[in-house]
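These figures come from a predicted structure and were not determined experimentally. Computed over heavy atoms, backbone and side chain alike; hydrogens, waters and symmetry mates excluded.
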Amino acid sequence: MIKKIPILLMLFFSVWALPSISQIGWDSTAIQSGSRFFYGITYNILPSIEKGPATIYPNYVTDNLLTAPYPQEGYSAVYLFNTDFASFGVKIRYNLIQFTSRTSISLSTSPSFGAGLTIVDEQDIHQITPYVDGSYNIPIFLEFNYGKGATHNNFDTYGLFGFAGVEYTGLLLQNSMVNGALMDASGNFYTADFINHWTEAAFGLGVRYKNRRNVEREIFLKYGISPTKLYVNPYEEVQSSRAWTLKLTFVRDF
């Protein structure tokens, strides 16, 4: 009999609490629509800024030395900076959970492709080279939506959403080779590719509204950042490198 008491208490509190829990932020109208998908076209007409991770390679000293192996003095680095003139893409969002008609949690992606100016900064030879080239971003985010656009059954005037996730970014789609020739400790020359593709954590905020033509729109600001990489330059100074992105995106929903 004693062993049955905890089980009976659990059943009692479960039956008592279930109706109360179901009333916390849950509305049956949120699932009246048969579709949980949302689609849109993304575009970026303002400059976005992206800094790629440093490409780090050993720096060898050959001054006044006739034969190899040559001694190493720290590391040299190549940095990539990019700003897009314009970028276009799509946004696809699926509501995983619809609490009410005005609150939901979604899984979203908004891959985009752009064209802009990429600057290659090769610090060891003090050379800066500009390229007009392409870039892309492929994110996957978890979104919390409130107000307009949270569900297909919401008719609010405005809505807000926040998101966080990961993003895969690529720069210099056509030019990815370090200028000139690099030399190893044995005096052999070689070429090296830039690290021009990386994964970073990203998060941001956005707003939804209808314009004067009664078309649903979104605007969101996204910031991405990667882990810090440390290295010692040829002047025995500790340097840090971290990739990051900052982008303002406009969305026309369907």
Between [X] and [Y]: side-chain donor-acceptor atoms closer than 3.5 Å:
{"X": "Tyr146", "Y": "Arg102", "result": "yes"}
{"X": "Thr245", "Y": "Lys51", "result": "no"}
{"X": "Ser226", "Y": "Arg242", "result": "no"}

Is there a path from [X] to [Y] through hydrophobic residues (I, L, V, M, F, W, Y) whose side chains come within less than 4.5 Å of each other?
{"X": "Ile105", "Y": "Ile92", "result": "yes"}
{"X": "Val232", "Y": "Val78", "result": "no"}
{"X": "Phe144", "Y": "Phe141", "result": "no"}
{"X": "Tyr223", "Y": "Phe250", "result": "yes"}
{"X": "Ile41", "Y": "Tyr39", "result": "yes"}

Nearest 0.5 Å, what's the [atom1]-[atom2] distance between [X] and [Y]?
{"X": "Ser87", "Y": "Asn137", "atom1": "OG", "atom2": "CG", "value": "7.5 Å"}
{"X": "Glu50", "Y": "Ser135", "atom1": "CD", "atom2": "OG", "value": "5.0 Å"}
{"X": "Asn82", "Y": "Leu117", "atom1": "CG", "atom2": "CG", "value": "7.5 Å"}
{"X": "Tyr43", "Y": "Arg252", "atom1": "OH", "atom2": "CZ", "value": "9.0 Å"}
{"X": "Lys247", "Y": "Ser110", "atom1": "NZ", "atom2": "OG", "value": "8.0 Å"}
{"X": "Leu221", "Y": "Ser48", "atom1": "CG", "atom2": "OG", "value": "11.0 Å"}

- Counterpart residues, side chain to side chain donor-acceptor pair (under 3.5 Å), relative to Asp121 (two or more places apart):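 Asp121 satisfies side chain to side chain donor-acceptor pair (under 3.5 Å) with no residue once adjacent residues are dropped.
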
Where the side chain of [X] meets the backbone of [Y], is there a donor-acceptor pair that is under 3.5 Å apart?
{"X": "Thr228", "Y": "Ser240", "result": "no"}
{"X": "Asn95", "Y": "Ala150", "result": "yes"}
{"X": "Asn44", "Y": "Leu248", "result": "yes"}
{"X": "Ser241", "Y": "Pro53", "result": "no"}
{"X": "Ser101", "Y": "Asn154", "result": "no"}
{"X": "Asn211", "Y": "Arg213", "result": "yes"}

If you compare all heavy atoms of [X] against all heavy atoms of [Y], which two are closest, and at what distance to 0.1 Å?
{"X": "Tyr231", "Y": "Ala77", "value": "OH-CB, 3.4 Å"}
{"X": "Gly40", "Y": "Val251", "value": "CA-CG1, 4.1 Å"}
{"X": "Ser106", "Y": "Asn145", "value": "OG-ND2, 2.8 Å"}
{"X": "Asp84", "Y": "Gly114", "value": "OD1-C, 4.2 Å"}
{"X": "Ala243", "Y": "Trp198", "value": "CB-NE1, 3.5 Å"}
{"X": "Leu96", "Y": "Leu142", "value": "CD1-CD1, 3.9 Å"}

- Report yes or no: is the cationic atom of Arg217 (NZ for Lys, CZ for Arg) under 6.0 Å from the centre of the six-membered ring of Tyr209, at an angle within 45° of the ring normal?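 Here Arg217 fails the 6.0 Å and 45° test against Tyr209.
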
- Message: Do the side chains of Glu167 and Lys222 get close enough for a salt bridge, i.e. N-O under 4.0 angstrom?
- Response: yes

- Is any NZ, NE, NH1 or NH2 atom of the basic residue among Lys148 and Glu216 found under 4.0 Å from an Asp or Glu carboxylate oxygen of the other?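 Judged by the 4.0 Å cut-off on N to carboxylate O distance, Lys148 and Glu216 do form a salt bridge.
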
- ring-ring contact (aromatic ring centres under 6.0 Å, His included) evaluation trace for Tyr94 with Phe37: CA-CA 5 Å; Tyr94 178 77; Phe37 281 100; 4.8 Å; yes

- Query: Name the one of Glu143, Lys91, Arg93 that satisfies side-chain hydrogen bond (donor to acceptor under 3.5 Å, both in side chains) with Ser108?
  - Reply: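 Answer to the side-chain hydrogen bond (donor to acceptor under 3.5 Å, both in side chains) test with Ser108 among Glu143, Lys91, Arg93: Glu143.
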
- Task: Take the angle between the ring planes of Phe220 and Phe163 and call it parallel below 30°, perpendicular above 60°, tilted in between.
- Result: perpendicular

- For the pair His197 and Tyr168, name the ring-plane relationship: parallel under 30°, tilted 30 to 60°, perpendicular over 60°.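 Taking Tyr168 first and then His197, their aromatic rings lie parallel (interplane angle under 30°).
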
- Task: With sequence neighbours left out, write down each residue that passes ring-ring contact (aromatic ring centres under 6.0 Å, His included) with Phe161, or none if nothing qualifies.
- Result: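 Result, ring-ring contact (aromatic ring centres under 6.0 Å, His included) vs Phe161: none returned.
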
- Item | Counterpart residues, ring-ring contact (aromatic ring centres under 6.0 Å, His included), relative to Phe81 (two or more places apart) |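 Phe81: no ring-ring contact (aromatic ring centres under 6.0 Å, His included) contacts found.
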
- Can Ile225 and Glu200 be said to form a side-chain contact (heavy atoms from CB on, under 4.5 Å), step by step? CA-CA 5 Å; Ile225 191 168; Glu200 61 186 6; 5.5 Å; no

- Could you check Ile140 against Val166 for side-chain contact (heavy atoms from CB on, under 4.5 Å), going step by step and ending with a plain yes or no? CA-CA 6 Å; Ile140 181 166; Val166 295; 3.6 Å; yes

- Task: Determine whether more than 12 heavy atoms belonging to other residues, nucleotides or ligands lie under 6.0 Å from atom OH of Tyr75.
- Result: no

- Item | Pair Phe113 + Phe88: ring centers closer than 6.0 Å | no

- Item | Note, Tyr136 side chain near Ile138 side chain (heavy atom, < 4.5 Å) |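 Yes, their side chains come closer than 4.5 Å.
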
- Query: Does the side chain of Glu218 come within less than 4.5 Å of Asp253's, by heavy atoms?
  - Reply: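 SC-SC contact between Asp253 and Glu218 confirmed.
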
